[in-house]
**Q** 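Sharing a structure with you now.
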Amino acid sequence: MAMIMNKCTSVKLARKLSHPCCFSSDLFSLTANIRPLYPSTAKSFEFPALLLTFLNHYSVSPFHLNNANVHFTFDFNSFYVSFIDNSTHKTHLNQIHAHLLASGLQDCGFLITKLINVSCNLGEIRYARKVFDEFPDPDVFLWNAIIRGYSMHNMFGDVIEMYSMMQMAGVSLDCFTFPYVLKACSGLLALEMGWRVHGQIFRHGFELDVFVQNSLVAMYAKCSQIRHARMVFDGLYDRTIVTWTSIISGYAQNGEPIEALRIFSQMRQSNVKPDWIALVSVLRAFTDVEDLEQGKSVHGCVIKMGLEYEPDLLISLTAMYAKCGQVTVARSFFNQMKLPNLILWNAMISGYAKNGYAEEAVGLFCEMIGKNLSVDSITVRSAILACAQVGSLELARWMDDYIMRSEYRDDVFVNTALIDMYAKCGSLDFARIIFDRTLQKDVVVWSAMIVGYGLHGRGREAIDLYHAMKQSGVCPNDVTFVGLLMACNHSGLIEEGWELFHRMKDYDIEPRHQHYACVVDLLGRAGCLSQAYDFIMNMPIEPGVSVWGALLSACKIYRHVTLGEYAAEQLFSLDPYNTGHYVQLSNLYASVRLWDCVAKVRVLMKEKGLSKDLGYSLIEVNGKLQAFRVGDKSHPRYKEISVELERLEKRLMEAGFVPHTDSVFHDLNYEETEEILCNHSERLAIAYGLISTPPGTTLRIIKNLRACVNCHSATKFISKLVSREIVVRDANRFHHFKDGVCSCGDYW
DNA sequence: GTAGGGTTAG
């Protein structure tokens, strides 16, 4: 049998028929079984020969054949006609039309409506339109048929056009017309048109039709008019599960998941039983708020209702678990789906990317390309985000190259992601190239570039770009200011940062935690610790982790123990299981040689079951990332690395480098300390980079933790000794080491 | 012949 199958159609049919996870084979056997039924059954029809042609060619459904009134009730629903060889559609339709003409039935509105419906179902929308145009005086059924055709193929502009023409022709609309037209308004986000249609609905007296009203709720919700959707919803006495689902998903789509969930519980109280689409909508709301526990309870509900094999629920569950960080659980749902589905893959890739499983995300993306699966803008954006996290410039180049050859090269969202990616992979130059070639830059594009400069401590350029942005008529937003403040902070532009912070109110932007944290950082950097403390005390919002963290960092740099202890106390109560805070406090104690206190912090961590995060560094050599841990001897070239390390050590000593022992977490004796220091992962990566690349090559290193004082200082020396630029991405920012100086100005 | 859902950059 010729099989040109519409994926979506086959899924719908399979849903009606059998276990969804193995639909393809069931579908085949079912079609095979019922085919032989036709010839014998068909003989008993009294209907004209052309309708037999219809049935034989365009229907594989046995369901209607046993019906005594078959010639008036048979069904040409889209999913029953999707098995026909595409190339013969046109011929068959032509034959049928010819039969109609020959039988003098060309004016039979009923048959022509059927012909139009079948043509639309087969995707022959232009043919349908031709048949429609040739019909002398179309009635409302015929108009609805052609409008339905355009609607089912998402040709919304044509829907609206036909709707206007229908009114001009003086045909009165019925309650079937409006849902198609409203769907078109939603699809086009044509709110004005939606308003007008709403007026028509009133005038035609369809304000009680539940289909029309449900469509109105959905239309307003899709056009971001959730308040209006709510007004229609509140005015409805007769609410079906579709009504409830429309308003629930409307709130979720408009960024109000909490309200969506509140209405869901209201729905449950009204004893309306959710169906699978309602559950999908509710899952989305819990996914948005990343509420794993509630998400799990919906999962329980899905199982209770026996819907756990519903493919679209599997997708929603995958998305929910993935976004809530349960990527392994998500992956098991992902693996259950045998047929490729773009949204499922997107959910898995973005879930991986969002939760730090960057390699898995990139891997899946490559798998998609390898398998020739179609991707969309969401797929590439998630993949770009993952590349940004990996940090490899080579991978970033590959991704950029892929985008340049794709249909997304002018997509402003994709380009924003690319700018961010290049900035995080260490190349502002490439980021700038993308930025410069992006037309119609919105505030997000500008902010991404400003944040990029900020990340690399290029404060002046960030501020210049900010002025250029304003000049081009784009208004800054809160993210722009995060970028600017970060840029000032990372490059020591203390007064400029302070001034910019106060400019925020000119744009009615309420500072958030990140902005306050940047200011505390700025003050801290300038050594104004008591001002920083006063600033925190006068904040209009409750200071959070980022703010106290900034203060603790400053206290560590300036060795201010009492204030540091206070900041640490706040951090421990707000964020008790974050190892970083304990390490910072311990490093503060170590810097003033308060070894007893260092030990106390260690005990505190032990009590909480925490251990210091293992440091590692990655270095990219010839497009490959190599990982090194502290004291790592496992590398195949360890012998050479170790020789290089010793050589470096010697040269460092000769150049007058003195190790800073206080960056070691434990109280060790001097020799051991020094040995561990030069075995820090960063140094291993540098040594490997030096022996693996030609002289003068920039070394690019990615660390999982913040730079330690000792490595930072040693790396400055090394950059001068070996005449190399060394670019290090630590957990917070970039350090560009060159000629013995670091771009961070020794404050990070 | 009609209505509702899932993936989304800084």
Side-chain angles (χ1 to χ4, degrees), chain A residues 75-78 113-114 116-117 120-121 140-149 151-152 174-183 186 206 209-219 221-222 240-250 252-253 274-285 287 310-320 322-323 341-351 353-354 375-382 384-385 388 411-421 423-424 442-452 477-480 482-483:
Chain A
D75 190 324
F76 287 111
N77 271 339
S78 57
T113 304
K114 288 294 174 203
I116 289 176
N117 281 337
C120 295
N121 294 346
V140 64
F141 289 95
L142 217 63
W143 280 100
N144 284 349
I146 191 70
I147 289 178
R148 167 181 172 271
S151 171
M152 76 191 282
D174 71 4
C175 60
F176 286 86
T177 318
F178 290 108
Y180 298 125
V181 177
L182 288 169
K183 188 181 168 194
S186 312
F206 291 117
D209 184 284
V210 70
F211 279 83
V212 174
Q213 295 302 313
N214 288 347
S215 303
L216 271 174
V217 174
M219 184 275 291
K222 290 255 163 61
T240 66
I241 181 63
V242 178
T243 328
W244 287 99
T245 310
S246 302
I247 196 74
I248 289 169
S249 60
Q253 287 158 1
D275 64 3
W276 68 270
I277 300 184
L279 291 176
V280 163
S281 312
V282 171
L283 265 174
R284 179 200 155 139
T287 306
E310 182 61 56
D312 293 337
L313 268 171
L314 272 180
I315 296 171
S316 298
L317 286 168
T318 308
M320 187 274 292
K323 190 153 180 209
N341 175 295
L342 177 60
I343 295 178
L344 175 74
W345 284 69
N346 284 352
M348 199 63 236
I349 292 176
S350 69
K354 274 224 159 86
V375 302
D376 69 1
S377 135
I378 295 175
T379 328
V380 301
R381 274 142 64 184
S382 306
I384 295 170
L385 176 69
D411 182 317
V412 68
F413 281 63
V414 169
N415 281 330
T416 311
L418 283 177
I419 293 169
D420 175 61
M421 173 190 77
K424 286 183 179 150
D442 67 0
V443 62
V444 188
V445 175
W446 287 95
S447 301
M449 196 64 229
I450 289 173
V451 170
N477 69 7
D478 57 335
V479 180
T480 321
V482 170

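These numbers come from the heavy atoms of this one structure, side chains and all, not from hydrogens, waters or symmetry mates. Reminder, nothing fancy here: chain letters follow the sequence lines and each chain counts from 1.
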**Q** Should W244(A) be counted as stacked on dG4(B), where stacking needs a ring-centre gap under 5.5 Å and an angle between planes under 30 degrees?
**A**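 Base of dG4(B): not stacked against W244(A).
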**Q** Let me know the distance between CZ of F413(A) and C1' of dG10(B), rounded to the nearest Å.
**A**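 Taking CZ of F413(A) and C1' of dG10(B), I get 11 Å after rounding.
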**Q** Is A218(A) touching bases, backbone alone, or none of the nucleic acid, heavy atoms closer than 4.0 Å?
**A**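 Since only primed, P, OP1 and OP2 atoms lie under 4.0 Å of A218(A), the category is sugar-phosphate.
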**Q** How long is the line joining NZ of K323(A) and C1' of dT7(B), in whole Å?
**A** 10 Å
**Q** Could you work out which one of dA3(B), dG10(B), dG1(B) sits closest to the side chain of V443(A)?
**A**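 Minimum distance to the V443(A) side chain belongs to dG10(B).
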**Q** Just to be sure I understand the rule, does F141(A) reach a base, reach only the sugar-phosphate, or reach nothing, if contact means heavy atoms closer than 4.0 Å?
**A** base
**Q** Looking at the side chain of S246(A), which of dG4(B), dG1(B), dT7(B) is the nearest nucleotide?
**A** dG4(B)
**Q** Given dG4(B), is OP1 or OP2 found less than 4.0 Å from the side-chain N or O atoms of S249(A)?
**A** no
**Q** Have a look at N415(A) and say if it touches a base, only the backbone sugar-phosphate, or nothing, with a 4.0 Å heavy-atom cut-off.
**A** nothing
**Q** Take L283(A) and L313(A), measure what side chain to side chain contact (heavy atoms under 4.5 Å, CB included) needs, and give me the verdict at the end.
**A** CA-CA 9 Å; L283(A) 265 174; L313(A) 268 171; 4.0 Å; yes
**Q** Hydrogens and angles aside, do T243(A) and S246(A) bring a side-chain donor and acceptor to less than 3.5 Å of each other?
**A** no
**Q** Rounded to whole Å, please give me the gap between CD1 in I384(A) and P in dT8(B).
**A** 15 Å
**Q** Looking at D275(A) and dG4(B), is any side-chain donor or acceptor paired with a base atom of the opposite kind under 3.5 Å?
**A** yes
**Q** Which of the following nucleotides, dA3(B), dT8(B), dT7(B), is nearest to the side chain of S215(A)?
**A** dA3(B)
**Q** Could you list the residues that satisfy salt bridge (Lys or Arg N to Asp or Glu O under 4.0 Å) with K354(A), not counting sequence neighbours?
**A** none
**Q** Can you identify which nucleotide, out of dG1(B), dT7(B), dG4(B), has its nearest atom closest to the R148(A) side chain?
**A** dG1(B)
**Q** Which heavy atom in A319(A) sits nearest to a heavy atom in T287(A), and how many Å separate them?
**A** O-CG2, 3.8 Å
**Q** Return the value, rounded to whole Å, for the distance between atom CZ of F211(A) and atom C1' of dT2(B).
**A**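 Rounded to whole Å, this separation is 6 Å.
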**Q** Side-chain donor or acceptor of S316(A) under 3.5 Å from a matching atom on the base of dG6(B)?
**A**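 Flag unset: no donor-acceptor pair detected.
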**Q** What's I349(A) touching, base or sugar-phosphate or nothing? Going by heavy atoms closer than 4.0 Å.
**A**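 Answer is nothing: I349(A) stays at 4.0 Å or more from every strand.
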**Q** Measure from CG on L182(A) to C1' on dG4(B) and round the result to the nearest Å.
**A**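 Rounding to the nearest Å, CG of L182(A) and C1' of dG4(B) are 13 Å apart.
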**Q** Between I378(A) (CD1) and dG10(B) (P), how many Å, whole number?
**A** 14 Å
**Q** Go through dG6(B), dA9(B), dG4(B) for me and flag the one nearest to the L385(A) side chain.
**A**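 Output: dA9(B).
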**Q** How many whole angstroms separate atom CD1 of I315(A) from atom C1' of dT7(B)?
**A**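 Atom-to-atom, I315(A) to dT7(B), this comes out as 9 Å.
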**Q** Among the nucleotides dA3(B), dA9(B), dG4(B), which one has an atom lying closest to any side-chain atom of K354(A)?
**A**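 Within the option list, the nearest is dA9(B).
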**Q** Under a plain distance cut-off of 3.5 Å, with no hydrogens placed, do N121(A) and R148(A) share a side-chain donor-acceptor pair?
**A**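 Yes, side-chain donor-acceptor contact under 3.5 Å.
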**Q** Over how many whole Å does the gap from D442(A) atom CG to dA9(B) atom C1' extend?
**A**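 Going from D442(A) (CG) to dA9(B) (C1'), I get 10 Å.
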**Q** When you get a sec, tell me which of dG6(B), dG10(B), dG1(B) is the closest nucleotide to the side chain of Q253(A)?
**A**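 Looking only at side-chain atoms, Q253(A) lies closest to dG6(B).
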**Q** Who are the salt bridge (Lys or Arg N to Asp or Glu O under 4.0 Å) partners of D174(A), not counting sequence neighbours?
**A** none
**Q** Side chain of A347(A): nearest nucleotide among dA9(B), dG4(B), dT7(B)?
**A**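 Looking only at heavy atoms from C-beta outward on A347(A), the closest nucleotide is dT7(B).
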**Q** Among dT7(B), dG1(B), dT8(B), which is the nearest nucleotide to the side chain of R381(A)?
**A**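 Closest nucleotide among those given: dT8(B).
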**Q** Identify whether any heavy atom of T240(A) sits under 4.0 Å from a base atom; if not, whether one sits that close to sugar-phosphate; answer base, sugar-phosphate or nothing.
**A**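 Answer is base: heavy atoms of T240(A) come under 4.0 Å of a base.
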